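The model shown is predicted, which means the values in this text are computed figures rather than measured ones. Numbers here simply count residues along the sequence, with the first being 1.
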Amino acid sequence: MLELVDVSRIYEMGDNIVHALSGFSYTFRNGSMTVVSGPSGSGKSTLLNLIAATDVPTSGDIKLDGRSIVNTSDKEASAYRFSNVGYIFQQFRLIPVLDVFENILLGAVAGGGRRADRKKLEKDTEAIMERVGLSDRRHHRPGELSGGQQQRVAIARALVKKPSIILADEPTASLDSATAEDIMSLLEELNRELCSICIVATHDKRIVDSIGDRIRLEDGRIAG
């Protein structure tokens, strides 16, 4: 369970004070999939960054399974992020010189895999690669893949370590309608299997309309 309690994030930009998030409170439960929508500047990216511990709130608390991730050291924040958070980026962020298998394996290593048995990491990578339907593209590099296939690699890389939290930032922005639908169906299936907390930030009305748990942000606050 992920709890955000009265979370605010204020940025000072010269003489301007920006309230990126204001008094945000919400509980995300295991196995849930929640879409966060809202116009540009509404606080979606700020929310994801705070949950990923790449940013810290100005006030309020964030707890995973009752344990606060706020006011921790850089080392503790990194350990939390690597062990618990799988991040799916809008522009995929795959390594061009690595093939599909190697890109996914990076996700296992980032999850603390440097201390794990190499054969287990490779076995986990093989399993998720097959699960997302890319076993026949194992030796292909990102430039040899379609947009949908690249997003499948990005999903597999984020999920190979079986994270407690999956954060997806505009996961369908670069995809056509049919491919976007396939990607979201895959993400929903994998999230159910892992019983993770999946949070999708998007402008895509197709996603907003298809997911039951919805949060709409306006000016850093939950609208309505």
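- Taking CG of Asn84 as the reference point, atom NZ of Lys161 lies at 8.0 Å (rounded to 0.5 Å).
- Atom OG1 of Thr172 is separated from atom CD of Gln90 by 9.0 Å, given to the nearest 0.5 angstrom.
- Here the closest heavy-atom approach between residue Leu48 and residue Ala168 is recorded as CD1-O, 4.2 Å.
- Summarising the geometry of Leu94 relative to Pro142, their closest heavy-atom pair is CB-CG, 3.8 Å, with the distance given to 0.1 Å.
- The side-chain heavy atoms of His19 and Ile17, taken from C-beta on, include a pair separated by under 4.5 Å.
- By the side chain to side chain donor-acceptor pair (under 3.5 Å) test, Ser78 pairs with Arg81, sequence neighbours left out.
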Item checked: Evaluation steps, side-chain contact (heavy atoms from CB on, under 4.5 Å), between Ile166 and Leu159 -> CA-CA 8 Å; Ile166 303 165; Leu159 272 59; 3.9 Å; yes
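- Pairs passing the salt bridge (charged side-chain N to carboxylate O under 4.0 Å, His left out) check and including a residue from residues 93-102, sequence neighbours excluded, do not occur.
- Judged by distance alone, with hydrogens and angles left aside, the side-chain atoms of Ser146 form a donor-acceptor pair with the main-chain N or O of Gln149 at under 3.5 Å.
- Closest approach of Ile155 to Leu190, counting heavy atoms only: CG2-CD1, 3.8 Å.
- Pairs passing the salt bridge (charged side-chain N to carboxylate O under 4.0 Å, His left out) check and including a residue from residues 133-143, sequence neighbours excluded, read Glu126-Arg138.
- Distance check, rounded to the nearest 0.5 Å: CG of Leu175 to CE of Met184 gives 10.5 Å.
- No side-chain heavy atom of Val56 sits less than 4.5 Å from a side-chain heavy atom of Val70.
- In this structure, the side chain of Glu122 does not engage the main chain of Lys119 through any donor-acceptor pair within 3.5 Å.
- Between Leu105 atom CG and Ile128 atom CD1 the span is 13.0 Å, to the nearest 0.5 Å.
- Listed by first and then second residue, the ring pair (Phe, Tyr, Trp, His ring centres under 6.0 Å) pairs involving residues 122-155 amount to none (not counting sequence neighbours).
- Between the side chains of Asn49 and Thr46, not a single donor N or O lies within less than 3.5 Å of an accepting N or O.
- Legend: salt bridge (charged side-chain N to carboxylate O under 4.0 Å, His left out) pairs involving residues 177-196, not counting sequence neighbours, sorted by first then second residue: Arg131-Glu189, Arg131-Glu193.
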Check: For Phe82 and Val109, what are the C-alpha separation, side-chain angles and deciding distance, and is it a side-chain contact (heavy atoms from CB on, under 4.5 Å)?
Finding: CA-CA 9 Å; Phe82 291 152; Val109 173; over 6 Å; no
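- Here the OG1-CG distance, from Thr125 to Leu106, works out to 9.0 Å after rounding to the nearest 0.5 Å.
- For Glu76, the side chain to side chain donor-acceptor pair (under 3.5 Å) criterion is met by Ser73, not counting sequence neighbours.
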Next item on the list: Quick one: do Arg216 and Ile222 satisfy side-chain contact (heavy atoms from CB on, under 4.5 Å)? Show the steps, please.
Entry: CA-CA 6 Å; Arg216 179 170 175 80; Ile222 297 178; over 6 Å; no
Note to self: Evaluate Val85 against Ile51 for side-chain contact (heavy atoms from CB on, under 4.5 Å), listing each step before the verdict.
What the structure shows: CA-CA 9 Å; Val85 180; Ile51 292 172; 5.6 Å; no
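- Residue Ile183 comes nearest to Gly148 through the heavy atom pair CD1-O, 3.7 Å, listed as atom of the first residue, atom of the second, then distance.
- Looking at Gln151, its side chain never comes within 3.5 Å of a backbone N or O of Phe92 through a donor-acceptor pair.
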Which pairs would a plain distance check flag for residues 21-40, meaning a side-chain donor or acceptor within less than 3.5 Å of a matching protein atom at least two apart in sequence or in another chain?
unit_1: Ser25; atom_1: OG; unit_2: Asp6; atom_2: N; d: 2.7
unit_1: Asn30; atom_1: OD1; unit_2: Met1; atom_2: N; d: 3.0
unit_1: Ser32; atom_1: OG; unit_2: Arg29; atom_2: O; d: 2.5

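- One hydrophobic cluster holds both Ile197 and Phe89 under the rule that ILVMFWY side chains link at heavy-atom gaps under 4.5 Å.
- By the side chain to side chain donor-acceptor pair (under 3.5 Å) test, Asp124 is found to be paired with Lys120, residues two or more places apart in sequence or in another chain being considered.
- Minimum heavy-atom separation, Val7 to Leu50: CG1-CD1, 3.8 Å.
- The side chain to side chain donor-acceptor pair (under 3.5 Å) search around Glu170 returns Thr202, His203, not counting sequence neighbours.
- Closest approach of Leu2 and Leu4 over heavy atoms only: CG-CD1, 3.9 Å.
- Annotation: salt bridge (charged side-chain N to carboxylate O under 4.0 Å, His left out) contacts involving residues 37-63, sequence neighbours excluded, comprise Arg9-Asp55.
- Residues satisfying the salt bridge (charged side-chain N to carboxylate O under 4.0 Å, His left out) criterion with Lys75, sequence neighbours excluded, are absent altogether.
- Going from atom SG of Cys198 over to atom CG of Asp213 covers 11.0 Å, rounded to the nearest 0.5 Å.
- Under the 3.5 Å distance criterion, the side-chain polar atoms of Ser196 are matched with a main-chain donor or acceptor of Pro163.
- No chain of hydrophobic side-chain contacts below 4.5 Å, direct or via other Ile, Leu, Val, Met, Phe, Trp or Tyr residues, connects Ile10 to Met13.
- The ring-ring contact (aromatic ring centres under 6.0 Å, His included) search around Tyr80 returns none, not counting sequence neighbours.
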